[in-house]
Number of protein chains: 2
Amino acid sequence: MRKISESTVRRLSLYLRFLEQFAAHGQTTISSAELARRGGTTSAQVRKDLSFFGSFGKRGLGYSVTELAAKIRDILGLRRTYRVILVGAGRIGGALVQYPGFRQRGFHVTAIYDKDPHKVGSRWNGLVVRDVRHIEADLAKEPTDIAIVVTPAEAAQDVVDRLVHSGVKAILNFAPVQLAVPADVVVKSVNMALELETLSFSLSNR
Amino acid sequence: MRKISESTVRRLSLYLRFLEQFAAHGQTTISSAELARRGGTTSAQVRKDLSFFGSFGKRGLGYSVTELAAKIRDILGLRRTYRVILVGAGRIGGALVQYPGFRQRGFHVTAIYDKDPHKVGSRWNGLVVRDVRHIEADLAKEPTDIAIVVTPAEAAQDVVDRLVHSGVKAILNFAPVQLAVPADVVVKSVNMALELETLSFSLSNR
DNA sequence: CCACGATTGTGAACTTATTCACAATATGCG
DNA sequence: CGCATATTGTGAATAAGTTCACAATCGTGG
Ligand SMILES: NC(=O)c1ccc[n+]([C@@H]2O[C@H](COP(=O)([O-])OP(=O)(O)OC[C@H]3O[C@@H](n4cnc5c(N)ncnc54)[C@H](O)[C@@H]3O)[C@@H](O)[C@H]2O)c1
Ligand SMILES: NC(=O)c1ccc[n+]([C@@H]2O[C@H](COP(=O)([O-])OP(=O)(O)OC[C@H]3O[C@@H](n4cnc5c(N)ncnc54)[C@H](O)[C@@H]3O)[C@@H](O)[C@H]2O)c1
């Protein structure tokens, strides 16, 4: 397959959300122009994004909402559910476990780990917080697809090393550090302070 | 000023974080190559990013860590502090108010708003949660620089309309919806489900 | 069953972003 | 001082991403 850009993947994920909304409203077909309007892009961009993966529309008519949604789910690998573990039972971790949106989209949090003896053993949304030292053993028995790192910055690289060592191939990181991982592991970082700084830049430059 | 790309701004923010770390370790000078290594980019990219704003280095020597940090703070508009309000006293909102990292970087949360009468009036990290209906009046008296939207998706556009109407020019949005705002208002969205879906895509394509 | 309006799919043109590559220095040392 | 070494700053080359523009094709309605 040709190299697909990050921005294309992000847009596909957006299109999918719109398609689900259109489907919920009973709309059966949709044009690239309409999808573009919703996503703040152009119709050519929508068609180009899709064209990397095939041709899913009908000329003169547009796309079937449900078919295109199914196709994008396929492309994004969303036909299956994913096992997700959370490392760090802190404030952000707490918000994430309780958030129903992830499960709705097929991401199932199956375990939470922490280092703090006061937190280990407590129940979080039906899950018992486990000691982070059990990660390797647990993952050997029941591998996970994705790990979310919500520990303090100082602990993050350490935690990630153990995750990688345990065979985790995808990591979503909230700690404000640049993580080093082997080439076959993919890391996405959410850096909220950085987002605020881009806002600060925008405010100062107009 | 020439149009600066989003990616350049994000990288500058990263460089700044690294510079602060180097400063904390007592390092006084640094080369573009070293910054690049840390940030996962190339030395040419680092120099190009900086060159949009001036020339801050010494040939043969590199950059003064503290001078460059000060310069980037200038560029990003981080010489001042920012007033930030939070709309939505839920789980994510709770994590955000308690997070010390924002204040450390000059972003001061000055008020929290919610719609729920059970939450209005309660204390959150020293701040009393106010009724969202007071937003307009409050902001007329004490303008804010940035608003963080952490309400449910259904309420987000409504809240944003009121923020815009009250003169807010920068918004950080956590609700998984595309927000419509006038051209002079900048919105950044953090969409965690979308991040998970890009991971899902990566996992399914190798 | 043909002509028309709508809309896709996609090369080609264009625009933006990244990397290359090298002259222009700064430092240090014999 | 003059030469060797390091590293910047930047125009030019390349690569990547977006938009244009139009032939291909579908459904409809006369
Ligand atoms: N809270 C926010 O709004 C916010 C915003 C931006 C970034 N972040 C980042 O997200 C991360 C988590 O933030 P938080 O506010 O939830 O912090 P927190 O302090 O509330 O929680 C961190 C948790 O990690 C646990 N922990 C520490 N070391 C560990 C280890 N080695 N293994 C497993 N668990 C360990 C701690 O016991 C604690 O329970 C931090 O890196 C923070 O910088 C948080
Ligand atoms: N919690 C997470 O981990 C997570 C992850 C991804 C995205 N999000 C998104 O972030 C947003 C907030 O999530 P949450 O988990 O904190 O939700 P939550 O339900 O815990 O909190 C939402 C808060 O907003 C308040 N609210 C509702 N309507 C309002 C209005 N019109 N004005 C002011 N306040 C109003 C509610 O009373 C509630 O206190 C949601 O859009 C959610 O989809 C959350």
Side-chain angles (χ1 to χ4, degrees), chain A residues 1-15 18-19 22 27-72 74-75 198 201-202 205, chain B residues 1-15 18-19 22 27-72 74-75 198 201-202 205:
Chain A
M1 186 202 290
R2 183 132 86 286
K3 173 80 190 318
I4 302 300
S5 78
E6 169 94 12
S7 13
T8 288
V9 176
R10 299 180 79 87
R11 282 192 298 264
L12 287 175
S13 178
L14 274 186
Y15 303 156
F18 301 146
L19 288 168
F22 284 119
Q27 202 170 333
T28 57
T29 67
I30 190 167
S31 69
S32 57
E34 180 69 6
L35 266 179
R37 210 180 46 73
R38 279 301 215 89
T41 178
T42 66
S43 66
Q45 181 75 80
V46 172
R47 296 197 299 277
K48 182 67 83 179
D49 285 338
L50 295 172
S51 78
F52 294 131
F53 304 95
S55 56
F56 313 125
K58 281 210 179 16
R59 293 170 189 230
L61 237 208
Y63 303 86
S64 149
V65 170
T66 51
E67 273 176 32
L68 185 55
K71 229 36 179 121
I72 295 182
D74 242 10
I75 292 165
T198 69
F201 176 80
S202 300
N205 289 277
Chain B
M1 185 202 290
R2 184 131 85 284
K3 175 76 192 318
I4 302 300
S5 78
E6 169 95 14
S7 12
T8 288
V9 177
R10 300 181 77 87
R11 281 191 299 263
L12 287 175
S13 178
L14 274 186
Y15 303 156
F18 301 145
L19 288 168
F22 284 120
Q27 201 169 335
T28 58
T29 68
I30 189 166
S31 70
S32 57
E34 180 69 6
L35 266 179
R37 209 180 46 72
R38 278 300 216 91
T41 178
T42 66
S43 67
Q45 180 76 80
V46 171
R47 296 197 299 277
K48 182 66 85 177
D49 285 338
L50 295 173
S51 78
F52 295 131
F53 304 95
S55 56
F56 313 123
K58 281 212 177 18
R59 292 170 192 233
L61 237 209
Y63 303 86
S64 149
V65 170
T66 52
E67 274 177 32
L68 185 55
K71 232 26 181 132
I72 295 182
D74 241 10
I75 293 166
T198 68
F201 176 80
S202 299
N205 289 277

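The shown structure was predicted, so the numbers you read here are calculated from the model rather than taken from an experiment. Below, chains carry the letters A, B, ... as their sequence lines are ordered, and counting in each starts from 1.
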Categorize B/Thr8 for me: base, sugar-phosphate, or nothing, with a 4.0 angstrom heavy-atom threshold over every strand shown. nothing
Would you list the pairs meeting salt bridge (Lys or Arg N to Asp or Glu O under 4.0 Å) in which at least one residue belongs to residues 35-46 of chain A, sequence neighbours left out? A/Glu34-A/Arg37
Can you list, in residue-number order, the parts of residues 37-44 of chain A that come under 4.0 Å of DNA chain D, counting heavy atoms only? A/Thr42, A/Ala44
Which residues share a side-chain contact (heavy atoms from CB on, under 4.5 Å) with A/Ser7, sequence neighbours left out: A/Ser5, A/Arg11
Over how many whole Å does the gap from A/Ile30 atom CD1 to C/dA6 atom P extend? 18 Å
Under a 4.5 Å cut-off applied to non-hydrogen side-chain atoms, are B/Leu19 and B/Val65 in contact? yes
Could you tell me from which nucleotide to which nucleotide of DNA chain D, 5' to 3', there is an atom under 4.0 Å from chain B heavy atoms? D/dA6 to D/dA12
The side chain to side chain contact (heavy atoms under 4.5 Å, CB included) partner of B/Phe53 among B/Ile72, B/Leu12, B/Asp74 is B/Leu12
With DNA chain D as reference, determine whether A/Ser7 or B/Lys48 sits nearer its 5' end, using the nearest nucleotide of each. B/Lys48
Contacts of B/Leu14 meeting side-chain contact (heavy atoms from CB on, under 4.5 Å) (sequence neighbours excluded), chain-then-number -> A/Gln178, A/Leu194, B/Phe18
For the residue pair A/Ile75 and A/Ile4, establish whether any side-chain heavy-atom pair is separated by less than 4.5 Å. no
Sequence neighbours excluded, which residues qualify as side-chain contact (heavy atoms from CB on, under 4.5 Å) partners of B/Thr42? B/Ala44, B/Gln45
Could you pull out all residues at least two apart from A/Gln27 that satisfy side-chain hydrogen bond (donor to acceptor under 3.5 Å, both in side chains)? none
Sequence neighbours left out, what pairs pass salt bridge (Lys or Arg N to Asp or Glu O under 4.0 Å) with at least one residue falling in residues 53-70 of chain B? none
DNA chain C-proximal residues of residues 56-72 of chain A, any heavy atom under 4.0 Å: A/Phe56, A/Gly57, A/Lys58, A/Arg59, A/Gly60, A/Leu61, A/Gly62, A/Tyr63
Toward the 5' end of DNA chain D, by each residue's nearest nucleotide, A/Arg47 or B/Ser32: B/Ser32
Without decimals, in angstroms, what is the distance between B/Arg11 CZ and C/dA17 P? 9 Å
Looking at residues at least two apart in the chain, or sitting in another chain, which of them share a side-chain contact (heavy atoms from CB on, under 4.5 Å) with B/Ser32? B/Ser43, B/Val46, B/Arg47, B/Tyr63
Using modelled atom types and a 3.5 Å cut-off, is there a donor and acceptor pairing between side-chain atoms of B/Ser202 and backbone atoms of B/Thr198? yes
Atom CG of A/Leu50 and atom P of C/dT7 are separated, to the nearest Å, by 16 Å
